[in-house]
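Working notes for the structure below.
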Amino acid sequence: MSTYQRLPVTFVRGDGARLWDTAGNEYLDALSGISVCNLGHAHPAVTSTLCEQAGRLIHTSNLYGIASQEALGDVLTELAGMDKVFFANSGAEANEAAIKLARLYGHQRGIKAPAIVVMESSFHGRTLATLSATGSRKAQAGFEPLVQGFVRVPFGDLDALAAVAANQSDVVAVLAEPIQGEGGVNVPPSDYLPGVRELCDERGWLMILDEIQTGMARTGRPFAYQHHDFKPDVMTLAKALGNGVPIGACLAQGAAAELFGPGNHGSTFGGNPLSSAVALTVCREISTGQLWEQAARLGNRIKQGLLAALDDVDGVQEVRGCGLMIGIQLDRPCGTLVLQAMQRGLLINVTADSVIRLLPPLIIDDAQADQLIQTVGSIVRDFLTAT
Ligand SMILES: *Cc1c(COP(=O)(O)O)cnc(C)c1O
(Lines give C-alpha, C1' and ligand atoms only; values in the text may rest on other atoms or scores of the structure.)
Protein backbone atom coordinates (compact mmCIF):
# COMPACT_ATOMS: atom_id res chain seq x y z
CA MET A 1 0.00 0.00 0.00
CA SER A 2 1.28 3.47 -0.69
CA THR A 3 1.97 4.51 2.90
CA TYR A 4 5.37 5.94 1.99
CA GLN A 5 6.52 8.58 -0.44
CA ARG A 6 9.78 6.92 -1.37
CA LEU A 7 12.94 8.53 -2.68
CA PRO A 8 14.19 7.33 -6.08
CA VAL A 9 17.01 5.14 -4.81
CA THR A 10 17.50 1.50 -3.76
CA PHE A 11 20.46 0.35 -1.70
CA VAL A 12 22.04 -3.03 -2.18
CA ARG A 13 24.99 -3.04 0.20
CA GLY A 14 26.33 -1.26 3.27
CA ASP A 15 29.57 -1.12 5.24
CA GLY A 16 29.88 1.00 8.37
CA ALA A 17 28.53 4.47 7.58
CA ARG A 18 28.54 3.83 3.80
CA LEU A 19 25.79 2.57 1.51
CA TRP A 20 25.83 1.66 -2.19
CA ASP A 21 22.86 1.82 -4.56
CA THR A 22 21.89 -0.41 -7.52
CA ALA A 23 24.00 1.74 -9.87
CA GLY A 24 27.09 1.43 -7.65
CA ASN A 25 26.94 5.02 -6.32
CA GLU A 26 28.32 5.48 -2.82
CA TYR A 27 26.57 7.42 -0.02
CA LEU A 28 27.46 8.59 3.47
CA ASP A 29 24.56 7.57 5.70
CA ALA A 30 23.65 10.33 8.17
CA LEU A 31 20.28 8.80 9.07
CA SER A 32 21.06 5.16 10.04
CA GLY A 33 17.61 3.96 8.94
CA ILE A 34 16.16 6.55 11.39
CA SER A 35 18.49 5.83 14.32
CA VAL A 36 18.35 2.05 13.87
CA CYS A 37 21.78 1.04 12.57
CA ASN A 38 23.72 2.79 15.36
CA LEU A 39 26.62 0.31 14.97
CA GLY A 40 26.66 0.93 11.21
CA HIS A 41 25.82 -1.42 8.35
CA ALA A 42 27.14 -4.99 8.18
CA HIS A 43 28.71 -4.75 11.64
CA PRO A 44 30.89 -7.90 11.92
CA ALA A 45 29.75 -8.91 15.44
CA VAL A 46 26.06 -8.40 14.55
CA THR A 47 26.44 -10.36 11.31
CA SER A 48 28.20 -13.30 12.93
CA THR A 49 25.71 -13.46 15.83
CA LEU A 50 22.81 -13.36 13.37
CA CYS A 51 24.25 -16.09 11.14
CA GLU A 52 25.27 -18.31 14.01
CA GLN A 53 21.93 -18.03 15.85
CA ALA A 54 19.94 -18.52 12.61
CA GLY A 55 21.83 -21.76 12.05
CA ARG A 56 21.03 -22.99 15.56
CA LEU A 57 17.52 -21.81 16.54
CA ILE A 58 15.32 -18.94 15.35
CA HIS A 59 12.08 -19.34 17.26
CA THR A 60 10.47 -21.49 19.91
CA SER A 61 7.86 -19.25 21.68
CA ASN A 62 7.50 -17.62 25.06
CA LEU A 63 5.91 -20.81 26.36
CA TYR A 64 9.48 -22.04 26.98
CA GLY A 65 12.69 -20.70 28.42
CA ILE A 66 14.80 -18.63 26.01
CA ALA A 67 18.45 -18.42 27.04
CA SER A 68 19.41 -15.45 24.84
CA GLN A 69 16.34 -13.49 26.00
CA GLU A 70 17.30 -14.06 29.64
CA ALA A 71 20.91 -13.02 28.98
CA LEU A 72 19.69 -9.93 27.10
CA GLY A 73 17.32 -9.07 29.95
CA ASP A 74 20.24 -9.20 32.42
CA VAL A 75 22.58 -7.06 30.33
CA LEU A 76 19.91 -4.53 29.32
CA THR A 77 18.43 -3.97 32.79
CA GLU A 78 21.99 -3.62 34.17
CA LEU A 79 22.91 -1.02 31.50
CA ALA A 80 19.69 0.91 32.17
CA GLY A 81 19.55 0.52 35.95
CA MET A 82 16.06 -0.99 35.64
CA ASP A 83 14.60 -4.10 37.31
CA LYS A 84 12.59 -5.95 34.64
CA VAL A 85 11.85 -5.97 30.93
CA PHE A 86 9.16 -7.14 28.51
CA PHE A 87 10.26 -7.79 24.92
CA ALA A 88 8.19 -6.80 21.87
CA ASN A 89 8.98 -6.34 18.18
CA SER A 90 8.77 -2.61 17.53
CA GLY A 91 8.64 0.78 19.16
CA ALA A 92 4.88 1.13 18.97
CA GLU A 93 4.48 -2.23 20.69
CA ALA A 94 6.96 -1.30 23.42
CA ASN A 95 4.87 1.83 24.04
CA GLU A 96 1.64 -0.21 24.02
CA ALA A 97 3.14 -2.26 26.87
CA ALA A 98 4.03 0.95 28.75
CA ILE A 99 0.51 2.36 28.27
CA LYS A 100 -1.01 -0.90 29.52
CA LEU A 101 1.32 -0.81 32.56
CA ALA A 102 0.13 2.72 33.37
CA ARG A 103 -3.52 1.71 33.11
CA LEU A 104 -3.01 -1.35 35.30
CA TYR A 105 -1.20 0.83 37.81
CA GLY A 106 -4.22 3.16 37.88
CA HIS A 107 -6.79 0.38 38.21
CA GLN A 108 -4.82 -1.17 41.07
CA ARG A 109 -5.10 2.19 42.83
CA GLY A 110 -8.86 2.32 42.29
CA ILE A 111 -8.82 4.80 39.39
CA LYS A 112 -11.45 3.57 36.91
CA ALA A 113 -10.54 5.81 33.95
CA PRO A 114 -6.78 6.44 34.32
CA ALA A 115 -5.27 9.23 32.21
CA ILE A 116 -1.73 9.60 30.90
CA VAL A 117 -0.21 13.03 30.31
CA VAL A 118 1.41 13.26 26.85
CA MET A 119 3.19 16.05 24.98
CA GLU A 120 2.48 18.29 22.02
CA SER A 121 4.68 17.37 19.00
CA SER A 122 5.40 13.94 20.44
CA PHE A 123 5.71 10.73 18.43
CA HIS A 124 5.01 7.33 19.95
CA GLY A 125 4.01 5.11 17.01
CA ARG A 126 1.19 4.23 14.61
CA THR A 127 -0.97 1.70 16.45
CA LEU A 128 -4.27 3.11 17.72
CA ALA A 129 -3.15 3.74 21.30
CA THR A 130 0.29 5.10 20.37
CA LEU A 131 -1.25 7.20 17.59
CA SER A 132 -3.64 8.64 20.16
CA ALA A 133 -0.66 9.45 22.42
CA THR A 134 1.19 11.07 19.50
CA GLY A 135 0.97 14.87 19.33
CA SER A 136 0.32 15.25 15.62
CA ARG A 137 -3.14 15.95 14.24
CA LYS A 138 -1.82 15.06 10.76
CA ALA A 139 -0.97 11.52 11.90
CA GLN A 140 -4.33 11.12 13.66
CA ALA A 141 -6.67 12.60 11.05
CA GLY A 142 -9.06 10.06 9.59
CA PHE A 143 -8.47 7.43 12.25
CA GLU A 144 -10.96 8.67 14.84
CA PRO A 145 -12.34 7.62 17.24
CA LEU A 146 -8.99 7.79 19.02
CA VAL A 147 -8.16 5.89 22.19
CA GLN A 148 -9.28 7.84 25.26
CA GLY A 149 -7.28 8.59 28.36
CA PHE A 150 -4.60 11.02 27.18
CA VAL A 151 -4.18 14.61 28.39
CA ARG A 152 -1.91 16.78 26.27
CA VAL A 153 0.43 19.55 27.45
CA PRO A 154 3.20 21.59 25.76
CA PHE A 155 6.62 19.86 25.85
CA GLY A 156 9.20 21.42 28.17
CA ASP A 157 6.61 23.32 30.23
CA LEU A 158 6.63 22.34 33.92
CA ASP A 159 3.90 24.85 34.79
CA ALA A 160 1.51 23.20 32.33
CA LEU A 161 2.20 19.85 33.97
CA ALA A 162 1.67 21.30 37.45
CA ALA A 163 -1.66 22.73 36.27
CA VAL A 164 -2.80 19.26 35.19
CA ALA A 165 -1.72 17.92 38.59
CA ALA A 166 -3.81 20.61 40.30
CA ASN A 167 -6.93 20.10 38.18
CA GLN A 168 -7.14 16.42 37.36
CA SER A 169 -7.32 13.55 39.82
CA ASP A 170 -7.38 10.62 37.39
CA VAL A 171 -3.81 11.06 36.05
CA VAL A 172 -1.53 8.06 36.64
CA ALA A 173 1.51 8.69 34.42
CA VAL A 174 3.49 11.05 32.22
CA LEU A 175 4.77 9.77 28.86
CA ALA A 176 7.47 11.78 27.04
CA GLU A 177 10.51 11.51 24.81
CA PRO A 178 13.63 12.92 26.56
CA ILE A 179 14.37 14.72 23.28
CA GLN A 180 11.58 14.76 20.69
CA GLY A 181 12.74 13.12 17.47
CA GLU A 182 10.01 13.24 14.82
CA GLY A 183 8.71 16.48 16.37
CA GLY A 184 11.86 18.32 15.32
CA VAL A 185 14.80 17.34 17.59
CA ASN A 186 13.26 19.37 20.42
CA VAL A 187 15.53 19.56 23.47
CA PRO A 188 13.68 20.55 26.66
CA PRO A 189 15.18 23.00 29.19
CA SER A 190 17.78 21.19 31.37
CA ASP A 191 15.58 21.34 34.50
CA TYR A 192 12.56 19.88 32.72
CA LEU A 193 13.04 16.11 33.04
CA PRO A 194 14.26 16.33 36.67
CA GLY A 195 11.18 18.51 37.32
CA VAL A 196 8.89 15.91 35.74
CA ARG A 197 10.51 13.24 37.94
CA GLU A 198 9.90 15.35 41.05
CA LEU A 199 6.26 15.98 40.18
CA CYS A 200 5.72 12.28 39.43
CA ASP A 201 7.17 11.39 42.85
CA GLU A 202 4.96 13.94 44.57
CA ARG A 203 1.78 12.75 42.85
CA GLY A 204 2.52 9.03 42.69
CA TRP A 205 2.54 9.11 38.87
CA LEU A 206 4.66 6.79 36.75
CA MET A 207 7.34 8.58 34.72
CA ILE A 208 7.50 6.85 31.34
CA LEU A 209 10.29 7.80 28.94
CA ASP A 210 10.09 6.84 25.28
CA GLU A 211 13.81 6.33 24.45
CA ILE A 212 13.09 4.55 21.20
CA GLN A 213 15.02 7.18 19.23
CA THR A 214 17.28 8.64 21.95
CA GLY A 215 18.38 5.33 23.52
CA MET A 216 21.24 2.93 22.73
CA ALA A 217 24.09 5.49 23.04
CA ARG A 218 22.67 7.96 20.50
CA THR A 219 22.86 11.06 22.72
CA GLY A 220 26.26 10.37 24.31
CA ARG A 221 25.03 8.16 27.18
CA PRO A 222 23.52 4.65 26.95
CA PHE A 223 20.10 6.28 27.54
CA ALA A 224 19.29 9.99 27.42
CA TYR A 225 17.94 10.14 30.98
CA GLN A 226 21.44 9.21 32.15
CA HIS A 227 22.51 12.79 31.44
CA HIS A 228 20.65 13.46 34.72
CA ASP A 229 20.72 11.67 38.06
CA PHE A 230 17.24 10.17 38.18
CA LYS A 231 15.62 7.07 36.70
CA PRO A 232 12.21 6.84 35.02
CA ASP A 233 9.77 4.18 36.26
CA VAL A 234 9.32 2.86 32.74
CA MET A 235 11.45 3.21 29.61
CA THR A 236 10.74 1.97 26.10
CA LEU A 237 13.31 0.99 23.46
CA ALA A 238 13.28 -0.37 19.92
CA LYS A 239 15.04 1.07 16.83
CA ALA A 240 18.78 0.61 17.57
CA LEU A 241 18.28 -2.23 20.07
CA GLY A 242 18.65 -4.81 17.28
CA ASN A 243 20.69 -2.65 14.85
CA GLY A 244 18.06 -3.47 12.18
CA VAL A 245 16.70 -6.79 13.47
CA PRO A 246 13.19 -5.98 14.79
CA ILE A 247 12.97 -5.95 18.59
CA GLY A 248 11.38 -3.61 21.13
CA ALA A 249 11.54 -3.49 24.91
CA CYS A 250 9.58 -2.02 27.79
CA LEU A 251 11.75 -1.75 30.92
CA ALA A 252 10.53 -0.92 34.40
CA GLN A 253 11.83 -0.47 37.92
CA GLY A 254 10.23 -0.33 41.34
CA ALA A 255 6.45 -0.80 41.62
CA ALA A 256 6.02 -0.58 37.83
CA ALA A 257 8.18 -3.70 37.39
CA GLU A 258 5.75 -5.80 39.48
CA LEU A 259 2.49 -4.90 37.68
CA PHE A 260 2.25 -7.50 34.91
CA GLY A 261 1.47 -11.09 35.85
CA PRO A 262 0.89 -14.18 33.67
CA GLY A 263 -1.88 -13.48 31.14
CA ASN A 264 -1.66 -9.66 31.30
CA HIS A 265 0.43 -9.21 28.18
CA GLY A 266 2.32 -11.17 25.56
CA SER A 267 3.82 -11.45 22.09
CA THR A 268 4.45 -14.39 19.79
CA PHE A 269 7.71 -13.11 18.33
CA GLY A 270 8.78 -10.82 21.20
CA GLY A 271 12.28 -11.64 22.46
CA ASN A 272 12.68 -14.73 20.31
CA PRO A 273 16.08 -16.48 20.22
CA LEU A 274 17.20 -14.70 17.03
CA SER A 275 16.35 -11.07 17.85
CA SER A 276 17.47 -11.53 21.48
CA ALA A 277 20.88 -12.91 20.46
CA VAL A 278 21.45 -9.96 18.14
CA ALA A 279 20.26 -7.37 20.70
CA LEU A 280 22.56 -9.01 23.28
CA THR A 281 25.50 -8.46 20.94
CA VAL A 282 24.42 -4.84 20.38
CA CYS A 283 24.17 -4.24 24.15
CA ARG A 284 27.61 -5.75 24.71
CA GLU A 285 29.10 -3.49 22.02
CA ILE A 286 27.48 -0.47 23.68
CA SER A 287 28.34 -1.39 27.26
CA THR A 288 32.09 -0.89 26.66
CA GLY A 289 31.44 2.86 26.68
CA GLN A 290 33.40 3.61 23.53
CA LEU A 291 30.33 4.23 21.38
CA TRP A 292 28.58 6.71 23.62
CA GLU A 293 31.84 8.60 24.19
CA GLN A 294 32.30 8.70 20.42
CA ALA A 295 28.69 9.94 20.00
CA ALA A 296 29.29 12.73 22.51
CA ARG A 297 32.62 13.78 20.98
CA LEU A 298 31.56 13.65 17.32
CA GLY A 299 28.20 15.23 18.13
CA ASN A 300 30.03 18.26 19.51
CA ARG A 301 32.40 18.32 16.55
CA ILE A 302 29.50 18.26 14.06
CA LYS A 303 27.44 20.84 15.97
CA GLN A 304 30.40 23.23 16.29
CA GLY A 305 31.35 22.63 12.65
CA LEU A 306 27.81 23.37 11.42
CA LEU A 307 27.56 26.48 13.59
CA ALA A 308 30.84 27.76 12.11
CA ALA A 309 29.84 26.82 8.54
CA LEU A 310 26.41 28.49 8.79
CA ASP A 311 27.25 31.35 11.11
CA ASP A 312 26.68 34.11 8.54
CA VAL A 313 23.69 32.50 6.75
CA ASP A 314 20.30 34.16 7.31
CA GLY A 315 17.51 31.64 7.84
CA VAL A 316 19.39 29.22 10.09
CA GLN A 317 17.57 29.66 13.39
CA GLU A 318 19.23 27.05 15.57
CA VAL A 319 21.57 24.06 15.56
CA ARG A 320 20.54 21.85 18.47
CA GLY A 321 20.59 18.32 19.79
CA CYS A 322 22.61 16.02 21.96
CA GLY A 323 25.35 13.61 20.90
CA LEU A 324 24.68 12.31 17.39
CA MET A 325 21.04 13.45 17.38
CA ILE A 326 21.26 16.84 15.71
CA GLY A 327 18.65 19.21 14.28
CA ILE A 328 19.15 22.32 12.17
CA GLN A 329 16.10 24.57 12.45
CA LEU A 330 15.57 26.68 9.34
CA ASP A 331 13.07 29.52 9.00
CA ARG A 332 11.22 27.82 6.11
CA PRO A 333 10.12 24.37 4.87
CA CYS A 334 13.16 22.53 3.50
CA GLY A 335 12.01 19.03 2.49
CA THR A 336 13.68 19.44 -0.91
CA LEU A 337 17.10 19.30 0.76
CA VAL A 338 16.79 15.54 1.23
CA LEU A 339 17.01 14.91 -2.53
CA GLN A 340 19.69 17.56 -3.03
CA ALA A 341 21.86 15.95 -0.35
CA MET A 342 21.26 12.51 -1.84
CA GLN A 343 22.44 13.72 -5.24
CA ARG A 344 25.64 14.75 -3.48
CA GLY A 345 26.09 11.35 -1.84
CA LEU A 346 24.70 12.15 1.61
CA LEU A 347 21.58 10.73 3.28
CA ILE A 348 19.80 13.11 5.64
CA ASN A 349 16.23 13.62 6.81
CA VAL A 350 13.90 16.59 7.22
CA THR A 351 11.28 16.45 9.96
CA ALA A 352 8.62 18.86 11.24
CA ASP A 353 8.82 20.56 7.78
CA SER A 354 11.75 22.84 8.55
CA VAL A 355 14.23 20.84 10.64
CA ILE A 356 17.15 19.00 9.03
CA ARG A 357 17.69 15.92 11.17
CA LEU A 358 21.06 14.16 11.36
CA LEU A 359 21.29 10.70 12.97
CA PRO A 360 24.53 9.18 11.65
CA PRO A 361 25.78 5.78 12.84
CA LEU A 362 27.81 6.13 16.05
CA ILE A 363 30.82 4.50 14.35
CA ILE A 364 31.43 7.34 11.85
CA ASP A 365 35.00 8.63 11.91
CA ASP A 366 36.32 12.19 12.05
CA ALA A 367 36.78 12.42 8.28
CA GLN A 368 33.17 11.31 7.69
CA ALA A 369 31.94 13.81 10.29
CA ASP A 370 33.83 16.54 8.44
CA GLN A 371 32.38 15.40 5.11
CA LEU A 372 28.92 15.66 6.69
CA ILE A 373 29.57 19.19 7.97
CA GLN A 374 30.93 20.28 4.61
CA THR A 375 28.08 18.87 2.50
CA VAL A 376 25.26 19.96 4.80
CA GLY A 377 26.87 23.39 5.21
CA SER A 378 27.05 23.94 1.48
CA ILE A 379 23.56 22.67 0.55
CA VAL A 380 21.95 24.75 3.32
CA ARG A 381 23.91 27.82 2.26
CA ASP A 382 22.93 27.35 -1.40
CA PHE A 383 19.29 26.72 -0.43
CA LEU A 384 18.92 29.76 1.81
CA THR A 385 20.76 32.19 -0.42
CA ALA A 386 18.82 31.08 -3.53
CA THR A 387 15.24 31.23 -2.10
C1 LIG B 1 10.23 5.43 15.79
C2 LIG B 1 9.63 5.80 17.08
C3 LIG B 1 8.51 5.09 17.60
C4 LIG B 1 7.81 4.00 16.83
O5 LIG B 1 8.62 2.90 16.60
P6 LIG B 1 8.13 1.78 15.52
O7 LIG B 1 9.18 0.72 15.64
O8 LIG B 1 8.11 2.45 14.18
O9 LIG B 1 6.79 1.33 15.95
C10 LIG B 1 8.04 5.47 18.84
N11 LIG B 1 8.60 6.47 19.54
C12 LIG B 1 9.67 7.16 19.07
C13 LIG B 1 10.26 8.25 19.90
C14 LIG B 1 10.20 6.87 17.82
O15 LIG B 1 11.22 7.58 17.35
Side-chain angles (χ1 to χ4, degrees), residues 1 3-4 31-38 80 86-102 116-136 138-140 143 147 150 152 155-156 173-188 193 196 207-219 222-225 232 234-251 267 269-272 275 278-279 282 321-327 349-352 355 357-362:
M1 298 185 188
T3 51
Y4 294 97
L31 187 59
S32 315
I34 320 184
S35 199
V36 167
C37 302
N38 282 11
F86 172 84
F87 290 107
N89 312 286
S90 67
E93 274 180 272
N95 284 336
E96 287 276 344
I99 291 165
K100 284 179 71 174
L101 273 182
I116 301 172
V117 182
V118 291
M119 304 294 149
E120 289 175 7
S121 305
S122 63
F123 183 81
H124 298 297
R126 300 288 198 158
T127 60
L128 274 172
T130 58
L131 178 69
S132 304
T134 289
S136 159
K138 209 167 103 187
Q140 294 172 344
F143 300 109
V147 173
F150 296 104
R152 201 169 302 284
F155 183 55
V174 177
L175 166 62
E177 298 151 88
I179 297 171
Q180 292 186 330
E182 305 305 303
V185 191
N186 302 321
V187 184
L193 293 172
V196 173
M207 181 181 190
I208 307 173
L209 288 181
D210 176 343
E211 292 243 17
I212 290 163
Q213 193 160 143
T214 53
M216 306 309 288
R218 169 63 54 193
T219 70
F223 308 103
Y225 72 81
V234 178
M235 169 175 71
T236 53
L237 297 174
K239 292 205 161 92
L241 180 55
N243 209 58
V245 173
I247 182 167
C250 174
L251 295 93
S267 166
F269 292 137
N272 84 6
S275 59
V278 172
V282 171
C322 192
L324 285 171
M325 181 174 188
I326 297 170
N349 176 250
V350 167
T351 191
V355 181
R357 179 170 48 162
L358 305 175
L359 298 162
L362 313 182

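Counting convention: from 1, in listed order, for ligands and their atoms alike. Side-chain atoms are counted along with the backbone in the values below, which use heavy atoms only and exclude waters and symmetry mates. These figures come from a predicted structure and were not determined experimentally.
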**Report entry** Residues forming a ring-ring contact (aromatic ring centres under 6.0 Å, His included) with Phe223, sequence neighbours excluded
**Finding:** none
Is a donor on one side and an acceptor on the other found under 3.5 Å between the side chain of [X] and the backbone of [Y]?
{"X": "Arg152", "Y": "Thr134", "result": "yes"}
{"X": "Glu211", "Y": "Tyr225", "result": "yes"}
{"X": "Ser32", "Y": "Leu359", "result": "yes"}
{"X": "Arg357", "Y": "Gly184", "result": "no"}

Can you pull every nitrogen or oxygen pair between ligand 1 and the protein closer than 3.5 angstrom?
unit_1: ligand 1; atom_1: 7 (O); unit_2: Gly91; atom_2: N; d: 2.8
unit_1: ligand 1; atom_1: 9 (O); unit_2: Gly91; atom_2: N; d: 3.4
unit_1: ligand 1; atom_1: 9 (O); unit_2: Ala92; atom_2: N; d: 2.8
unit_1: ligand 1; atom_1: 11 (N); unit_2: Phe123; atom_2: O; d: 3.2
unit_1: ligand 1; atom_1: 11 (N); unit_2: Asp210; atom_2: OD1; d: 3.4
unit_1: ligand 1; atom_1: 11 (N); unit_2: Asp210; atom_2: OD2; d: 2.7
unit_1: ligand 1; atom_1: 15 (O); unit_2: Gln213; atom_2: NE2; d: 2.8
unit_1: ligand 1; atom_1: 15 (O); unit_2: Lys239; atom_2: NZ; d: 2.6

Requested in this report: Please name the pair of heavy atoms, one in Asn89 and one in Pro246, separated by the smallest distance, quoted to 0.1 Å.
Outcome: O-CB, 3.6 Å
